[in-house]
Amino acid sequence: MKRTKDKTETYTRFGMMRCFLSGSWYIFAAGMIFAVLVSFLSMVEPRLITFVVDSVISDKAPQLPGFALSWLEAAGGVGMLRARPWMIAALIMSVALLAGLCRYLFRSLNGLAAETFIKEMRDRLFYKIEHLPYAWHGANSTGDIIQRCTSDVETIKVFVSEQLTGLIRVVVLIVLSVIFMAQIDPKMTLIASIFIPVVVGYSLFFYSRIASAFEKADEEEGRLSAIAQENLTGVRVVRAFGREMYERERFEKQNAYYTGFWIHLIKILTINWVVGDLMTGLQYILVIVMGSVFCVRGQITAGQFIAFVYYNTMLVWPVRSLGRVVSEMSKAGISLDRLRYIMNAEDEPQVEKEPEEGAVWQTLGAAAAGSAAPPDICFEHVSFSYPGSPKQVIRDVSLTIPAGTTLGILGPTGAGKSTLMYLLERLYPLEEGGGRITLGGRDIREIPVSELRGTIGMMQQESFLFSRSLKDNIAIAADDAGMDAVEAACLTADLLDTAQRFPSGFETFVGERGVTLSGGQKQRTAIAQTLIRECPVMIFDDALSAVDAETDERIRAALRERTDGATVIFIAHRVSTLQQADNIIVFEKGRITQQGTHEELLAQDGMYSRIYRLQTQEIT
């Protein structure tokens, strides 16, 4: 019975936006309430101007809502305002101040919501990426992932906090403007409104044609980011081989292509914007001309004409913005899809603990804590191919590693030695039909990842160090590790004297990927990093390749003493590193071709004895 639980949720665009907005939607909503108030108060100002021009300066009957007329009559009527013009100025100023306050609250809340929104996006994306399988990271470049989590996240944030909230304001302004304009003159309102569907129509036309262009632009930006990231992290390799000019030309070629693509895209967008400006300009001129005609004919008053032009000016901007927001939706939509690619990726399979199997977990937990013997490890007819590749890297491997013993693995580069250990740690999933691997008699596919990796400590072939202090890098795998534990691990890894000679000792800052350390120092730091966890099963993948033979011997002697009782697996190309192992296997083309102790393998005519003679200079 399978007990793996797939926690991956498949998101639609709407579903993912709802997920990202879970902690900020109500702040956006509160901000939009004040945005609507700003729009409404903006509509009140032209009505006040109309009233002043037509009823206070002239003698026409005031055209105000019923409640406003009642207040005016109770206060003394229009005559009172003519005698006290400062009251009109105070009223207009009060409306403007109230609108300013609402605008301030809208901006503040919108900014707070935007930062909360982008924080939620970053947190969820980081959590998701941390839980994606090892194979997924191998199939996706770091530069592209970084670009998705920075540029695309920012694009979505800007769209939601500016374009989307702006869209709601635009719709409110359009509706209010049309309502207030219709109260002045329906025919003029019809003339002004006829351009709205035209602007929206051509914006949708452009939107459908530039969506794919935005997707291509994001892909090219990801490639450019990948080149920059690779060169920044591999700068020492570039310098060592004198490839600065080659890498510069490679970057400039991609940058030129990316820039040229954006220039082409900007030309398309410019046509969109110019056509929009032309249409809104024609609409504005038509309203001015027709309004002047109606005013001369006496169909509308001078105050109404001024208010109508004011309202039309307020309508032109929202309609024009509506078109641009629709165009910007294409860019945000592509960025959202690029984030959906990450969020919809399948998480590394997890396993639920079942109460009736508590003894199994207790055994592993006790082994990890050092209070019980480490479990046996068994590979049973294991075969494996990397995703997308038909070639088998591991071919029908069967192997038993008794608890507390040391296994040595020797073989040529690319034979599948490291892959076998990746399968043991479930960094790559073992597919159905590919055999099985057991730990303490339990299939590792049925053991929770946290339990499995808490039992197995692995130093990988590539020693990766973080941009932190030497102490922090060593203690990174053990949250409660004190200075004594760090020094003890360093003593075994033959790093203690080296660390103490650094000017800042263990507080010495280790640059990105450990660039401030030599290859041997990085490897010894990684060994200490593995040892500090004190796991019952420890794997050292080519752990001593960058140290000299004398240091190799000192570290192996210290490791034998420190790891006494643990199951230890050494992968190496040096026979001297493996010769004291309880069992040694020779791995060739994904198969075990030889197996035995050092003496037994020397007596056989095979790869092991040939490598031994070559390395001990018995042959030339």
Side-chain angles (χ1 to χ4, degrees), residues 377-379 382 392-424 458-463 492-494 518-520 522-524 526-527 530-531 537-620:
I377 301 170
C378 293
F379 294 82
V382 173
Q392 282 192 332
V393 183
I394 305 296
R395 303 178 182 184
D396 194 26
V397 170
S398 293
L399 173 69
T400 298
I401 309 173
T405 62
T406 299
L407 173 71
I409 304 178
L410 179 75
T413 301
K417 306 182 298 296
S418 298
T419 302
L420 194 67
M421 297 301 103
Y422 292 160
L423 294 175
L424 175 59
M458 183 176 182
M459 175 192 164
Q460 297 191 36
Q461 198 168 19
E462 181 184 357
S463 304
T492 304
D494 198 36
S518 69
K522 283 197 293 185
Q523 277 197 336
R524 284 179 283 162
I527 292 172
T530 304
L531 289 173
V537 178
M538 284 182 278
I539 302 168
F540 297 94
D541 189 354
D542 212 13
L544 303 171
S545 61
V547 300
D548 59 82
E550 185 178 349
T551 305
D552 182 339
E553 171 57 31
R554 287 201 304 271
I555 293 175
R556 283 189 288 111
L559 282 172
R560 283 194 299 272
E561 182 178 347
R562 182 181 176 102
T563 60
D564 184 37
T567 300
V568 180
I569 301 172
F570 278 108
I571 299 174
H573 293 94
R574 283 180 184 165
V575 170
S576 60
T577 303
L578 308 176
Q579 62 186 12
Q580 294 182 356
D582 298 307
N583 186 32
I584 302 170
I585 63 172
V586 177
F587 222 66
E588 296 181 77
K589 297 181 179 180
R591 296 179 183 272
I592 298 175
T593 57
Q594 289 182 276
Q595 184 172 183
T597 64
H598 173 69
E599 291 75 16
E600 290 170 346
L601 292 176
L602 284 181
Q604 302 174 15
D605 184 18
M607 176 182 285
Y608 187 88
S609 61
R610 291 197 302 272
I611 292 176
Y612 176 78
R613 290 194 301 271
L614 180 64
Q615 291 180 355
T616 56
Q617 298 183 349
E618 289 187 16
I619 63 173
T620 58

Problem set entry | Atom of Glu600, atom of Gln604 and distance for their closest heavy-atom approach | O-CG, 3.3 Å
Problem set entry | Minimum-distance pair of heavy atoms, taken over all atoms of Ile527 and Ala493 | CG2-CB, 3.9 Å
Problem set entry | Minimum side-chain heavy-atom gap Met459-Gln523 below 4.5 Å | yes
Problem set entry | Check: Ser609 side chain, Asp605 main-chain N or O, donor-acceptor pair, under 3.5 Å | no
Problem set entry | Close side-chain approach of Val575 and His598, heavy atoms under 4.5 Å | yes
Problem set entry | Spacing of CD1 belonging to Ile409 relative to NZ belonging to Lys417, to within rounding of 0.5 Å | 8.5 Å
Exercise. Under the 3.5 angstrom rule, does the side chain of Asn583 hit a backbone N or O of Leu407 as a donor-acceptor pair?
Worked result: no
Problem set entry | Distance (rounded to the nearest 0.5 Å) between Arg574 CZ and Leu410 CG | 13.0 Å
Exercise. When rounded to the nearest 0.5 angstrom, what distance separates OG1 in Thr530 from CD in Gln460?
Worked result: 9.0 Å
Exercise. Does Ile569 reach the side chain of Leu424, with side-chain heavy atoms less than 4.5 Å apart?
Worked result: yes
Exercise. Atom CG in Leu531, atom CZ in Arg524: separation rounded to 0.5 Å?
Worked result: 13.5 Å
Exercise. Are any non-hydrogen side-chain atoms of Thr413 and His573 less than 4.5 angstrom apart?
Worked result: yes
Exercise. Any side-chain heavy-atom pair from Met607 and Leu601 closer than 4.5 angstrom?
Worked result: no
Seminar exercise, completed: CG of Leu602 to OG1 of Thr616, rounded to nearest 0.5 Å, is 8.5 Å
Seminar exercise, completed: One should read off an interatomic distance between Phe570 CZ and Thr577 OG1, to the nearest 0.5 angstrom, of 8.0 Å
Exercise. Is Phe587 close to Ile592 at the side-chain level, that is, under 4.5 Å between some pair of heavy atoms?
Worked result: yes
Problem set entry | side-chain contact (heavy atoms from CB on, under 4.5 Å) partner of Tyr608, chosen from Gln579, Arg613, Gln595 | Gln579
Problem set entry | Arg395 side chain vs Gly590 backbone, donor-acceptor pair below 3.5 Å | no
Problem set entry | Test item: Ile539 and Tyr422 side chains (from C-beta on) under 4.5 Å apart, heavy atoms | no
Exercise. Closest approach of Glu588 and Pro412, non-hydrogen atoms and distance?
Worked result: CG-CD, 4.2 Å
For this session: Heavy atoms only: give me the nearest Ala581-Gly408 pair and the separation to one decimal.
Result: CB-N, 3.7 Å
Exercise. Any side-chain heavy atom of Ile571 within less than 4.5 Å of one from Met421?
Worked result: yes
Problem set entry | Smallest separation among heavy atoms of Ile584 and Thr597, with atom names | CD1-C, 4.3 Å
Exercise. Taking all non-hydrogen atoms of both residues, which atom of Asp582 and which atom of Thr406 are closest, and how far apart?
Worked result: OD2-N, 2.8 Å
